[in-house]
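Treat the numbers as computed from the prediction; the structure is a model and nothing was measured.
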Amino acid sequence: MVSTVLASTLARRNIHYGWVVVAATFLTMLVTAGAMGAPGVLIKPLQDEFGWETSQISSALAIRLILFGFMGPFAAAFMNYFGVRKVIVFALALIGAGFIGSLFMTTLWQLLLLWGIVVGFGTGLTAMVLAATVSSRWFTKHRGLVVGMLSASSATGQLVFLPLMAELTERYGWRSTVFFVCAMIMVAALAVLAFMRDRPADLNLPALGETDVTPPPASTSLGVALMTPITVLKEISKTSTFWILFATFFICGLSTNGLIQTHFVTLCGDFGIVPVAAASVLAVMGIFDFFGTIGSGWLSDRFDNRWLLFWYYGLRGLSLLYLPFSDFSFYGLSIFAIFYGLDWIATVPPTVKIAADRFGREKVGLVFGWVFAGHQLGAATAAYGAGLSRTELSSYLPAFFVAGAFCLLASILAITLKKSGLSSPAPAAAH
């Protein structure tokens, strides 16, 4: 097999195959995040063609975001049972089917089904839980850095493809963007089939930073695998750590992809900025996010993660409160893009690190899955709420003030985590 030969070749050069798995995962998350971001440039074209209101389109995007989040814990269970590789390929096929089907939609319920439910399920299987699972299985050393890299790929994918998709939509119509998304999905699927492996033990390798090969856990029935997320939720819901992480990540989603990714292009259009220019601002955010999130991963291996979250949420809140006063000028939006971009999803590595330290490596995928469900509930709230604000109040700006205020609240919640609780896993985590 390609992976076996490549693993042997890399081993002779003292390079761990885990980095190849990271590359395949990076591409997958980049592409699926691009698919998640695509509707952000398609709201206006859909309104023009079908006459749907912003709040109606936003309801489909809210359904997608909710499913994207609540699939997380079960995605971790599916990966444990079926294997990471099979789950990713199935997810990519599901996303592709949702987008291809949308080429033929004519009514709102079809949008709700295809972009809400089908794409929501597919992207949920390749959400941030994938980053947590891959990093914990393949890396002991550099784990925070890997989480940062993969988190960056997700947020960057939501943003950097937008200028191209906006240009395609403006020149050739929104369906050309759908074809572009499907082509990206096909490339990612081929890379996963060629290079992805479920665990280091599949190639008789230890995780990077360890010396012994860790055998895969004993197999369980599908029923037990599907019940595991519920069992874990019952256990972790008794701890304050989980609820603080859940609440702060709810606010994270409220202030990022549910708000900026979904509505920023349309918001800029309200101030006379054409979609391609607005998408370019998002791309600048994506570039700065890439470095900010990788830097956050590096910092999370070295500093108190509670204080990292305090600063990240606080600075994000201030940037959102600043945006309505930027006059949406080139200079004002540039300042916003830089500061907000550095902080777009920098909260992920510290959150994953706290979850792993508190609940144990074997459960981190499931625990983070439930925390990420909170993120997507917040995202769905912002996606629908901001659309409703524009429909009812003729302005997005109240939603930005609310999101900024909630970020300041999240910064305070983060430092209420007990430091002593971050050093030892819960007793049940050893099972």
Side-chain angles (χ1 to χ4, degrees), residues 148 151-152 155-156 158-159 244-265 267-268 270-271 273 278 280-300 303-351 354 374-375 378-379 381-383 385-386 389-390 395-417:
S151 302
T156 301
Q158 293 172 8
L159 303 177
I244 291 172
L245 293 178
F246 186 92
T248 54
F249 237 46
F250 176 94
I251 295 171
C252 183
L254 186 80
S255 56
T256 53
N257 56 339
L259 184 65
I260 296 293
Q261 175 197 328
T262 305
H263 294 290
F264 185 79
V265 173
L267 168 69
C268 289
D270 291 345
F271 287 85
I273 300 172
S280 297
V281 175
L282 285 175
V284 171
M285 291 183 203
I287 293 170
F288 279 93
D289 161 76
F290 183 81
F291 295 104
T293 306
I294 291 177
S296 175
W298 184 86
L299 291 171
S300 71
F303 296 98
D304 189 332
N305 288 274
R306 300 172 307 150
W307 284 101
L308 291 179
L309 290 177
F310 170 81
W311 286 107
Y312 295 159
Y313 283 117
L315 293 173
R316 183 189 298 171
L318 293 175
S319 67
L320 286 170
L321 292 174
Y322 158 79
L323 179 62
F325 301 101
S326 68
D327 296 326
F328 289 85
S329 63
F330 175 80
Y331 178 73
L333 286 179
S334 297
I335 293 176
F336 173 76
I338 292 170
F339 282 95
Y340 183 88
L342 285 170
D343 196 24
W344 170 271
I345 207 163
T347 52
V348 173
T351 302
I354 290 172
H375 183 282
T381 301
S389 174
R390 184 173 184 262
S395 175
Y396 275 125
L397 297 187
F400 283 82
F401 284 120
V402 170
F406 268 102
C407 284
L408 298 181
L409 173 63
S411 70
I412 296 171
L413 285 174
I415 58 174
T416 65
L417 286 163

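Atom CZ of residue Phe330 and atom CD1 of residue Ile335 lie 10.5 Å apart, to the nearest 0.5 angstrom. Distance check, rounded to the nearest 0.5 Å: CG of Leu333 to CD1 of Ile273 gives 5.0 Å. The structure places CZ of Phe246 at 8.0 Å from CZ of Phe250, a figure rounded to the nearest 0.5 Å. Note that the CG atom of Leu299 and the CD1 atom of Ile294 stand 12.0 Å from one another [nearest 0.5 Å]. In this structure, CG in Asp327 is found 9.0 Å from CZ in Phe271, a value given to the nearest 0.5 Å.
The nearest pair of heavy atoms linking Ala403 to Leu254 is CB-O, 4.2 Å. What you find for Ser319 and Tyr340 is that their closest heavy atoms are OG-CD1, 3.5 Å. Here the shortest heavy-atom pairing between Leu413 and Ala247 reads CD1-CB, 4.1 Å. The two residues Ala346 and Gly292 make their nearest non-hydrogen contact at CB-O, 4.2 Å. The two atoms that bring Thr347 and Leu309 nearest to each other are O-CD2, 3.6 Å, heavy atoms only. Nearest heavy atoms, Thr256 versus His375: OG1-NE2, 3.7 Å.
A heavy-atom distance below 4.5 Å is found between the side chains of Pro324 and Phe401. By the 4.5 Å heavy-atom criterion applied to side chains, Leu267 and Leu397 are counted as neighbours.
Judged by distance alone, with hydrogens and angles left aside, the side-chain atoms of Ser389 form no donor-acceptor pair with the main-chain N or O of Gly385 at under 3.5 Å. Of the possible donor and acceptor atoms, none in the side chain of Tyr313 sits under 3.5 Å from a partner among the backbone N and O of Ala414. Panel note: side chain Thr248, backbone Leu245; a donor-acceptor pair is recorded below 3.5 Å.
The environment of Phe339 atom CZ is sparse: at most 12 non-hydrogen atoms of other residues, nucleotides or ligands sit within 6.0 angstrom. With a 6.0 Å radius and a threshold of 12 heavy atoms from other residues, nucleotides or ligands, Phe328 has its CZ atom above the threshold.
By the 30° and 60° cut-offs, the orientation of the rings of Tyr396 relative to Phe400 is perpendicular.
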